[in-house]
Number of protein chains: 2
Amino acid sequence: MKLSTRGRYGTRLMLQLAANYGKKTPLPLTEIARREEISVKYLEQLIIPLKAAGLIESRRGAHGGYVLAKDPDEITIGQVLQILEGNISPVPCVKDPSFCIKYETCNTRKLWETMDKAISKSVCEMTLKEALSA
Amino acid sequence: MKLSTRGRYGTRLMLQLAANYGKKTPLPLTEIARREEISVKYLEQLIIPLKAAGLIESRRGAHGGYVLAKDPDEITIGQVLQILEGNISPVPCVKDPSFCIKYETCNTRKLWETMDKAISKSVCEMTLKEALSA
DNA sequence: TATTTATCCTTCCGGTTTAGTAGGAAAAAA
DNA sequence: TTTTTTCCTACTAAACCGGAAGGATAAATA
């Protein structure tokens, strides 16, 4: 039960943008790629859904780059993971009952719900700002 | 970040054995397969590591089957998942620092540790007995 | 205006993991 | 000796993961 590189790299990407928040110049992917040792090409892929979700704004051309669209304390790690990994619940049925035909009689459902809540809580209560200062 | 069928089916398997705990006859996989609608062949595969870990004992031949080797309140969901899924931490580096070359400078490590603890706690504090009665 | 620096857009691909299936051997009970 | 069951070793189709490739478009600068 692992996060993929999308979630992990994407979080690092977002923390770099959070650290740059408030500065005059946007942060280009080339710079993030250098700091985090991740290829620009892969970062380009990860940033698309983050931008589509309205968490990021971009400026094209020379001296361009990306900036957070919101304050770092208004974005949670949970949001970022949700966008990049999809639903982060440990089992599909918790968020989508139609997934399982045995939904009513399943002896493990409440168990997964307990687990799901623990995960959601840990990650939705933490903002980029808090993650940075930790 | 999903559990695979190994972890999910294996937990259902263990809960069936927990429900049978104390009864005179062991529970055969054919019966578990019928109740849970999982093929015997796949259950056979899942039960191997559980037995190897000492959570289960087997009896061969007619009227054979499996029984828990311990009381249901001495086995946690966390143990079961650990055996079937391997390490359930959301990122590899939390349990194995050598995995990551950026370990010292990583801005996300503490974040994953927080998440890891929340998951471990939720799942290691719940025993089969509790899961059954929930 | 030409060049450089960026984002933006579409496509492809090899490797690994997942979720099983297949076929039988060995043991124990009836 | 037949049936029921565990035990053991392979095999595989499909999905997913982790990127790389190649260029188009836009903005700043010289």
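Any value given below was found using the heavy atoms of this structure, including those in side chains, with hydrogens, waters and symmetry copies removed. All chains are named by letter (A, B, ...) in the order of the sequence lines, taking the proteins before the strands, and each is independently numbered beginning at 1. Keep in mind that this is a model prediction, so the values were computed, not measured.
- Summarising the geometry, the separation between CD on Gln45(B) and P on dT21(C) is reported as 10 Å, rounded to the nearest angstrom.
- With a cutoff of under 4.0 Å to any heavy atom of chain B, the contacted region of DNA chain D is bounded 5' to 3' by dT4(D) to dA10(D).
- Thr76(B) and Glu125(B) are not linked by any side-chain donor-acceptor pair at a separation below 3.5 angstrom, with hydrogens and angles left out of the test.
- Heavy-atom neighbours of Lys95(B) NZ from other residues, nucleotides or ligands within 6.0 Å: above the threshold of 12.
- Mapping Gly61(A) and Ser39(A) onto DNA chain D by nearest heavy atom places Ser39(A) at the nucleotide closer to the 5' end.
- Of the residues in residues 1-21 of chain A, those placing a heavy atom less than 4.0 Å from an atom of DNA chain D are Ser4(A), Thr5(A), Tyr9(A), in numerical order.
- When the side-chain nitrogen and oxygen atoms of Thr30(A) are compared with OP1 and OP2 of dT5(C), none of them lie within a distance under 4.0 Å.
- Summarising the geometry, the separation between CG on Leu29(A) and P on dC9(C) is reported as 14 Å, rounded to the nearest angstrom.
- Salt-bridge formation is detected for the pair Arg35(B)/Glu31(B): a Lys NZ or Arg NE/NH1/NH2 atom is positioned less than 4.0 Å from an Asp or Glu carboxylate oxygen.
- The CD atom of Glu57(A) sits 16 Å away from the C1' atom of dC8(C) (whole-angstrom rounding).
- Between the side chain of Arg60(B) and the base of dA26(C) there is at least one donor-acceptor pair of N/O atoms closer than 3.5 Å.
- Remark: P of dT3(C) and NE2 of His63(A) are 18 Å apart, rounded to the nearest angstrom.
- Between Lys41(B) and Glu44(B) there is a salt bridge, with a side-chain nitrogen of the basic residue lying less than 4.0 Å from a carboxylate oxygen of the acidic one.
- Following rounding to the nearest Å, Ile32(A) (CD1) and dT7(C) (C1') show an atom-to-atom distance of 12 Å.
- When only modelled atom types and interatomic distance are considered, Ser4(A) and Glu85(A) share a side-chain donor-acceptor pair under 3.5 Å.
- With respect to the salt-bridge test (charged N to carboxylate O, under 4.0 angstrom), the residues Lys129(A) and Asp71(A) do not qualify.
- Applying the ring-ring contact (aromatic ring centres under 6.0 Å, His included) definition to pairs two or more places apart or across chains, those involving residues 30-59 of chain A are Tyr9(A)-Tyr42(A).
- Across the protein-nucleic acid pair, Leu50(A) atom CG and dC8(C) atom P stand 12 Å apart, rounded to whole Å.
- Salt bridge present: Arg109(B) and Glu113(B) bring a charged side-chain N and a carboxylate O closer than 4.0 Å.
- With dC8(C), dT11(C), dT7(C) as the choices, the nucleotide that has an atom nearest any side-chain atom of Lys41(A) turns out to be dC8(C).
- Of the residues near DNA chain C, Tyr66(A) and Tyr42(B), the one whose nearest nucleotide (by heavy atom distance) lies more toward the 5' end is Tyr66(A).
- Checked against dT5(C), dT21(C), dT7(C), the side chain of Ala62(A) finds its nearest nucleotide in dT5(C).
- Between Glu31(A) atom CD and dA6(C) atom C1' the separation is 14 Å, expressed in whole Å.
- Lys2(B) contributes a side-chain N or O that, together with a main-chain N or O of Asn87(A), makes up a donor-acceptor pair within less than 3.5 Å.
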